[in-house]
S.K.: 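Let me give you the structure first, and then I'll get to my questions.
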2 protein chains.
Amino acid sequence: MKNFDLVFKALADPTRREVLRMLSGGERTAGELSDAFELGRPSMSHHFAVLKEAGLVRSRREGTQVYYALDTTVLEDVLARLWDHLGLKDPRKEDRP
Amino acid sequence: MKNFDLVFKALADPTRREVLRMLSGGERTAGELSDAFELGRPSMSHHFAVLKEAGLVRSRREGTQVYYALDTTVLEDVLARLWDHLGLKDPRKEDRP
DNA sequence: CGCTTATTTCGAAATCCGTCGAAATACGGG
DNA sequence: CCCGTATTTCGACGGATTTCGAAATAAGCG
C-alpha cells in the first residue's frame, strides 16, 4: 500500500486517534471536533489535514462549515494488511487450525 | 491494555514495522536483525528498546547474544481493539443525535 | 460591498525522534 | 584476569512534529 507510512504516522498521535473515534459515530464539523479538545483551531486543522492526507478521513463543505467523516476503507485495508504482514490471525474470523 | 500510546508510537516507524515482520518468522538475534538494515547497531538497539517498551517484543539472552521474539498478544489486542473501537463493522451507521 | 462566522494557511518557537560515534556493559574462553 | 565478540548506553546533532497567534480564505447575508 502506498500510504502505509502516512497511516501509521497519523495514528501515532492520540488526538488524531480520538478524532477518528469521534467520527466513528458519524460525521462532525471541524468546529464540533475542535471543541472537544483543548487545542487551538489551527492545531486541530493541522490534525485534520494529516488524517485526510493519510486517507483516513474525507471532508465536505456545507456553507461556511466543513464536515469530516471517517473513511473506513483505508483503515480496514491497512489493518488487514498488517495482520497479514505479521502473520497474525484475523480477529474477525475465529477459526482455529 | 497497558499503553495504547506506546504501541502506536512504536508502529509509526517503518524500520520497526519491518523488524516485527522479520520476527513473525521466528526469533532472531539482535545482530541478525541489525544486519538486515543499513543502520548502526546503536540505532537498531534503540528500535528494539522501543518495541520492547511497547510490549510488542520480548528478549532472551543466550551467551553473548540476545534473541528477540514477537509477542503477538499485545498486537492482537491492540488491533482488535482499534477495529472494534472505531466501529469498523460493515453496517455503517450514519449521522448523529 | 462590508460584516460575521467557520476554517485554513503561514511563520515561528518548543519539543520530540531517529541517527551517529564513542564509550560502557555483558559473556565466554583462554 | 585480559581479550574478543555482541549488544546496549551516552551525548550530541539535525530534521521532523506539535503547537500557537496572526493573517488569509471561504461563504452566507444585509
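Just so it is clear: chains get the letters A, B, ... in the order the sequence lines come, proteins before strands, and each one is counted from 1. Note: hydrogens, waters and symmetry copies are ignored here, and every other heavy atom, side chains too, is used. Only a predicted model underlies this, so the values are computations on that prediction, with no experimental measurement involved.
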S.K.: Could you check whether any side-chain N or O of B/Arg28 sits under 3.5 Å from a backbone N or O of B/Leu33, counting only pairs where one atom can act as donor and the other as acceptor?
M.R.: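 Pair absent, no side-chain N/O of B/Arg28 close to backbone of B/Leu33.
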S.K.: Give, ordered by number, those residues of residues 30-45 of chain B having at least one heavy-atom distance below 4.0 Å to an atom of DNA chain C; if nothing qualifies, reply none.
M.R.: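 Nucleic-acid contacts, sorted: B/Leu39, B/Gly40, B/Pro42, B/Ser43.
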S.K.: Distance under 4.0 Å to a non-hydrogen atom of chain A counts as contact; along DNA chain D, which nucleotides mark the start and end?
M.R.: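 Span of nucleotides near chain A: D/dT17 to D/dG28.
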S.K.: Could you grab the distance from atom CZ of B/Arg16 to atom CE of B/Met44, nearest 0.5 Å is fine?
M.R.: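 These two atoms lie 10.5 Å from each other.
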S.K.: Just the rounded figure in Å: distance from P of C/dG29 to CD of B/Gln65.
M.R.: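 Those two atoms, CD and P, are 12 Å apart.
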S.K.: At what distance, to the nearest 0.5 angstrom, does CG of A/Asp71 lie from CG of A/Asp77?
M.R.: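 It comes to 11.0 Å.
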S.K.: Provide, to the nearest angstrom, the distance between the NE2 atom belonging to A/His46 and the C1' atom belonging to C/dA14.
M.R.: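 It works out to 14 Å between those atoms.
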S.K.: I need the CG-P distance between B/Leu6 and C/dC16, as an integer number of Å.
M.R.: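 In whole Å, C/dC16 P and B/Leu6 CG are 14 Å from each other.
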S.K.: For A/Asp5 and C/dC17, what is the distance between atoms CG and P respectively, to the nearest whole Å?
M.R.: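 From A/Asp5 CG to C/dC17 P: 16 Å.
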S.K.: If you find the nucleotide of DNA chain D closest to A/Lys9 and the one closest to B/Ala49, which residue's nucleotide is nearer the 5' end?
M.R.: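 Result of the comparison: B/Ala49.
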S.K.: Hydrophobic clusters here meaning ILVMFWY residues chained together by side-chain heavy-atom distances under 4.5 Å, can you tell me if B/Val50 and B/Met22 are in one?
M.R.: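 No: no chain of side-chain contacts under 4.5 Å links B/Val50 to B/Met22.
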S.K.: How far does CZ of B/Arg17 sit from CZ of A/Phe8, to the nearest 0.5 angstrom?
M.R.: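 Here the interatomic distance stands at 5.0 Å.
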S.K.: Got a second to check how far B/His46's NE2 is from B/Asp13's CG, nearest 0.5 Å?
M.R.: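 It comes to 8.0 Å.
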S.K.: Report the residue (A/His47 or A/Glu62) whose heavy-atom-nearest nucleotide on DNA chain D is the more 5′ of the two.
M.R.: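 Looking at DNA chain D, the more 5' nearest nucleotide goes with A/His47.
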S.K.: So with a 6.0 Å cut-off around CD of A/Glu18, is the heavy-atom count from everything else above 12?
M.R.: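 It does: A/Glu18 CD has more than 12 such atoms within range.
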S.K.: Looking for any heavy atom pair under 4.0 Å, which part of the strands does B/Tyr67 touch: base, sugar-phosphate only, or nothing?
M.R.: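 Result for B/Tyr67 = nothing.
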S.K.: For B/Leu56 and B/Leu11: C-alpha separation, side-chain torsions, deciding distance, then whether side chain to side chain contact (heavy atoms under 4.5 Å, CB included) applies.
M.R.: CA-CA 9 Å; B/Leu56 297 173; B/Leu11 290 175; 4.3 Å; yes
